[in-house]
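Contents: one structure, followed by commentary.
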Amino acid sequence: MSDWLVLALAMAAACAVVLIVALVRHRRAPEDEDPSETPDVIEYMTMMIGVVYAIVLGLAIAGVWEARSGAQDHVQAEAQALHEISERVRVYPPDVRDRIRGDVNAYVGHVVTKEWKTMAEDGHVTAQGGRLFDRIRQDVTDYQPKTDFEAQAYQPLLDQVTAADTARGARADSAGATMPGVVWFGLITGAVVTVGMVFALQIRRTTRELILAGLFSALIAFLLFLIWDFDAPYSRGITASAEPFTALFPHLPG
């Protein structure tokens, strides 16, 4: 089931529930009930609850979007560092240069073809990816420069290995969901309370009120879906992409 179908069903279900509750409440309402007699305090509470919940939703959306953008930045930083390693080893002897480049290519190929799928499905990086990266680190650190030119390139290569390792660790940390369960509990509870307060205003079965109630509930369902969709940066909806790897290593299979 696609994410868009899930969104459509969630919004339709939210509208249906609110409309059904409104119609049932209208039929069971006393004949002498007057909606204009809603106490001012209830209107004030409804307004304040809506404002507070809107702020919470906005912060949640900003948080998951920032996490998603950060995940993409980690991918870009890792791919760029690996590309620099592959380019900077050109000053090394051919056998050393080819070995390091071969190990970099093997690592990138594994990340793009296998590790990315594991992150999307299981929320973690692979042990094989860690072993392939350790091989790159050993290739770079174990080589003893023979000339001054090679010695000048050695430390920058170590810095790029460190940068790639840091970015890989950050990518691993951001592979899972970013929103804690207690936050989801608050968001869903807040949605129920916010929509429920609509009925405290004693809405009637007029076309205008029913449409507004349905649209309001659909909007909240959409915003909750948006938070859920961005919550896992590598596995849902608008995900962080492996494009930096494929762009900097176009000769490898995507």
Do the side chains of [Y] and [X] get nearer than 4.5 Å, heavy atoms only?
X: Arg90; Y: Glu87; result: yes
X: Leu187; Y: Met179; result: yes
X: Asp159; Y: Glu84; result: no
X: Phe249; Y: Val112; result: no
X: Ile49; Y: Val193; result: yes
X: Leu224; Y: Trp228; result: no
X: Leu157; Y: Ile85; result: yes
X: Gln72; Y: Pro244; result: yes

Take atom [atom1] in [X]; do more than 12 heavy atoms of anything else shown fall under 6.0 Å from it?
X: Asp148; atom1: CG; value: no
X: Gln144; atom1: CD; value: no
X: Lys114; atom1: NZ; value: no

Write down the atom of [X], the atom of [Y], and the distance for their closest heavy-atom approach.
X: Ser86; Y: Val104; result: CB-CG1, 4.5 Å
X: Thr118; Y: His124; result: CG2-O, 3.4 Å
X: Arg168; Y: Gly129; result: NH2-C, 3.4 Å
X: Glu78; Y: Ala164; result: CG-O, 4.0 Å
X: Val75; Y: Phe245; result: CG1-CE1, 3.6 Å
X: Thr194; Y: Gly190; result: OG1-O, 2.6 Å

What's the spacing between [X] [atom1] and [Y] [atom2] if we round to 0.5 Å?
X: Asp165; Y: Asp134; atom1: CG; atom2: CG; value: 8.0 Å
X: Asn105; Y: Ile136; atom1: CG; atom2: CD1; value: 9.0 Å
X: Asp98; Y: Asp103; atom1: CG; atom2: CG; value: 11.0 Å
X: Trp65; Y: Phe230; atom1: CH2; atom2: CZ; value: 5.0 Å
X: Arg97; Y: Asp139; atom1: CZ; atom2: CG; value: 14.0 Å
X: Phe225; Y: Asp231; atom1: CZ; atom2: CG; value: 12.0 Å

Answer yes if [X] and [Y] sit in the same cluster of Ile, Leu, Val, Met, Phe, Trp and Tyr residues linked by side chain heavy atoms under 4.5 Å apart, and no otherwise.
X: Ile227; Y: Val182; answer: yes
X: Val51; Y: Leu59; answer: yes
X: Phe149; Y: Val140; answer: yes

Run the numbers on Tyr143 and Arg99 for side chain to side chain donor-acceptor pair (under 3.5 Å), then give the verdict. CA-CA 11 Å; Tyr143 178 71; Arg99 183 174 70 252; over 6 Å; no
Under a 3.5 Å distance rule, please check whether Thr246 uses its side chain to pair with a backbone N or O of Glu243 as donor and acceptor.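 The answer is yes, because a donor-acceptor pair under 3.5 Å joins these two groups.
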Please confirm whether the backbone N or O of Thr126 pairs with a side-chain atom of Glu115, one donor and one acceptor, at under 3.5 Å?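 Yes, Glu115 side chain to Thr126 backbone: donor-acceptor pair under 3.5 Å.
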Under a 3.5 Å cutoff, is there a donor and acceptor pairing between the side chains of Gln128 and Arg131?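 The criterion, which ignores hydrogens and geometry beyond distance, is satisfied for Arg131 and Gln128.
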Are Ser174 and His74 close enough that a side-chain donor and a side-chain acceptor fall under 3.5 Å?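 No, no side-chain donor-acceptor contact under 3.5 Å.
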Please lay out, stage by stage, how Tyr53 and Leu57 fare under the test side chain to side chain contact (heavy atoms under 4.5 Å, CB included). CA-CA 6 Å; Tyr53 188 64; Leu57 281 177; 3.3 Å; yes
Parallel, tilted or perpendicular: which one describes the rings of Tyr234 and Trp116, with boundaries at 30° and 60°?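 The rings of Tyr234 and Trp116 stand perpendicular, inter-plane angle above 60°.
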